[in-house]
Amino acid sequence: MGKKRKREVELVVISDVHLGTYGCHAEELLRYLKTIKPRRLILNGDIIDMWQFSKRYWPKSHMQVIKHITGLLAKGTKIVYLTGNHDEMLRKFSGFRLGSFQIGNKKVISLQGKSAWVFHGDVFDVTMKYSKWLAKLGAVGYDLLILLNSLVNSILRIFGKGKISLSKRVKDSVKQAVKFINDFEKTAAEIAIENGYDYVVCGHIHQPEMKKITTAKGEVTYLNSGDWVENLTSLEYNLGEWRIYRYADDLKAKAIKIPKGSKKDLDNDEIFKDLVNEFLPLKK
């Protein structure tokens, strides 16, 4: 029996994967990637979490995601890596191009005569501007909350109960968090409208969304790709339409088997060698 046909998609936007952290759902992302054949792929920030990167935690599945993405390049997919705050070290390479791969901080693309402004979104985060240490402390706390959430959900499964999201409950119950999300969306939309864009595409806040926002100056479609820590979502554009992809609804992706391989974690030298070996063939 031949290989299953992959779903062709004009454009896929993925953000906030946070490879290298305990909360990252790398296997689920890999299953999703194995079901699609994107013409263009935008990695919209926080793909590798360099804030919390440690040799103590780099599972095989995290490297498999990197390998799959570089494999897409070899198959003709055009890939743009837009930097976020957790991978801000790559900002010094903004403007780098190699074949079908490029690194940038923002990107404007044309979609059937309409313009889409794509960027991570941390530029609107006041803690990134004035209290980066607080943002990094919050990232560690968030990772610990995700670990605790995994333990709670494991216990709930034993008793036949459904999963819960502790971080979502915290966000929804804290008025300041809700206000931050609303302000983020409003600010992104206002600037996009002022610059004449039809779509504004962000990540950063781990809140998948697709809606029209109207101001006195005009209207724009605001889109957020969510994340692969809690929501397991991406954005897809195909045949003139946007949609939010949700892994939870994708039975085909869930059925894909991922080889476990060795359980041994790699040290920093091995991780670096693997990354170099993946990207060096791009020079050919």
Side-chain angles (χ1 to χ4, degrees), residues 4-18 24-47 65 68-69 72 75-82 84 106-121 163 165 168 171-172 181-182 184-186 188-189 192-193 196-214 218-256:
K4 291 182 180 179
R5 184 179 177 83
K6 295 187 177 183
R7 186 164 53 86
E8 295 190 11
V9 188
E10 290 178 40
L11 171 66
V12 174
V13 182
I14 293 170
S15 71
D16 300 275
V17 177
H18 294 278
C24 171
H25 285 262
E27 288 191 10
E28 288 84 350
L29 174 57
L30 188 58
R31 290 190 184 99
Y32 164 55
L33 290 172
K34 285 179 175 290
T35 67
I36 59 173
K37 185 180 179 183
R39 193 176 305 165
R40 283 191 285 182
L41 173 63
I42 295 180
L43 303 171
N44 198 14
D46 290 0
I47 304 303
V65 169
H68 188 90
I69 290 171
L72 289 175
K75 294 174 183 175
T77 299
K78 294 179 179 179
I79 298 179
V80 178
Y81 193 125
L82 301 179
K106 57 188 175 182
K107 181 79 173 174
V108 176
I109 58 175
S110 179
L111 299 170
Q112 296 191 357
K114 293 185 176 182
S115 57
W117 180 34
V118 191
F119 60 100
H120 183 65
K163 291 182 178 181
S165 173
K168 187 176 188 304
K171 286 178 190 174
D172 292 346
I181 291 170
N182 290 337
F184 178 93
E185 295 173 348
K186 183 171 177 285
I193 289 169
Y197 299 119
D198 299 289
Y199 308 111
V200 56
V201 184
C202 305
H204 187 57
I205 58 174
H206 295 206
Q207 192 80 12
E209 186 60 87
M210 180 172 65
K211 63 183 179 183
K212 287 191 181 295
I213 296 179
T214 304
E219 183 180 78
V220 71
T221 299
Y222 167 84
L223 300 117
N224 195 296
S225 48
D227 63 279
W228 286 84
V229 177
E230 297 175 76
N231 296 291
L232 281 57
T233 54
S234 70
L235 292 170
E236 295 183 353
Y237 179 87
N238 211 29
L239 302 175
E241 298 287 338
W242 284 98
R243 80 169 187 126
I244 297 176
Y245 165 86
R246 299 182 186 276
Y247 178 81
D249 301 329
D250 192 345
L251 297 178
K252 182 178 178 182
K254 288 180 179 180
I256 291 178

Trainee: Between His206 (side chain only) and Gly226 (backbone N and O only), is there a donor and an acceptor less than 3.5 Å apart?
Mentor: no

Trainee: Once you round to the nearest 0.5 Å, how far does CG of Asp16 lie from CG of Leu43?
Mentor: 11.5 Å

Trainee: Is the closest side-chain heavy-atom distance between Trp242 and Leu111 below 4.5 Å?
Mentor: yes

Trainee: Work out which heavy atom in Val17 is nearest to a heavy atom in Ile47; give both atom names and the distance.
Mentor: CB-O, 3.7 Å

Trainee: For the residue pair Phe184 and Tyr222, categorise the inter-ring angle as parallel (less than 30°), tilted (30 to 60°) or perpendicular (more than 60°).
Mentor: perpendicular

Trainee: Looking at residues at least two apart in the chain, or sitting in another chain, which of them share a salt bridge (Lys or Arg N to Asp or Glu O under 4.0 Å) with Lys254?
Mentor: none

Trainee: Measure from the side-chain N and O atoms of Thr233 to the backbone N and O of Ser225, and report whether any donor-acceptor pair falls under 3.5 Å.
Mentor: yes

Trainee: Does Asp46 reach the main-chain N or O of Ser15 with its side chain, forming a donor-acceptor pair under 3.5 Å?
Mentor: no

Trainee: By salt bridge (Lys or Arg N to Asp or Glu O under 4.0 Å), which residues pair with Arg243, not counting sequence neighbours?
Mentor: Glu236

Trainee: Does Leu223 reach the side chain of Val13, with side-chain heavy atoms less than 4.5 Å apart?
Mentor: no

Trainee: Measuring only between side-chain heavy atoms, which start at C-beta, is His120 closer than 4.5 Å to Leu82?
Mentor: no

Trainee: Would you find a donor on one side and an acceptor on the other, under 3.5 Å apart, between the side chain of Asp198 and the backbone of Ser115?
Mentor: yes

Trainee: Taking the inter-plane angle between the rings of Tyr32 and Trp228 on a 0 to 90° scale, is it parallel (under 30°), tilted (30 to 60°) or perpendicular (over 60°)?
Mentor: parallel

Trainee: Looking at every heavy atom in both Lys6 and Lys34, which two are closest together, and how far apart are they?
Mentor: CE-O, 3.1 Å

Trainee: Would you check if Arg40 and Ile109 make a side-chain contact, meaning some heavy-atom pair closer than 4.5 Å?
Mentor: yes

Trainee: So how far is it from Ile69 CD1 to Leu29 CG, rounded to the nearest 0.5 Å?
Mentor: 6.5 Å

Trainee: Answer whether the closest heavy-atom distance between the side chains of Tyr245 and Val9 falls below 4.5 Å.
Mentor: no

Trainee: Which atoms form the tightest heavy-atom contact between Leu235 and Glu209, and what is the distance?
Mentor: CD2-O, 4.5 Å

Trainee: Taking all heavy atoms of Val200 and all of Ala192, pick out the closest pair and write down the distance.
Mentor: CB-CB, 3.7 Å

Trainee: Taking atom NZ as the centre, does Lys252 end up with more than 12 heavy-atom neighbours from other residues, nucleotides or ligands that are less than 6.0 angstrom away?
Mentor: yes

Trainee: Over all heavy atoms of both residues, which pair between Pro38 and Val12 is shortest? Give the atoms and the distance, please.
Mentor: CB-CG2, 3.9 Å

Trainee: Quick one: pull up NE2 in His18 and NE2 in His25 and give me the separation to the nearest 0.5 Å.
Mentor: 12.0 Å

Trainee: Would you check if the side chain of Asn224 reaches a backbone N or O of Gly203 as a donor-acceptor pair within less than 3.5 Å?
Mentor: yes

Trainee: Measure across Pro208 and Asn231 and return the closest heavy-atom pair with its distance rounded to 0.1 Å.
Mentor: CD-ND2, 3.4 Å

Trainee: Once rounded to the nearest 0.5 Å, what's the spacing between atom CG of Leu33 and atom CZ of Arg31?
Mentor: 12.0 Å

Trainee: Between atom CD of Glu8 and atom CG of Leu239, what is the distance when rounded to the nearest 0.5 Å?
Mentor: 10.5 Å

Trainee: To the nearest 0.5 Å, how far apart are CD1 in Ile42 and OH in Tyr237?
Mentor: 12.5 Å

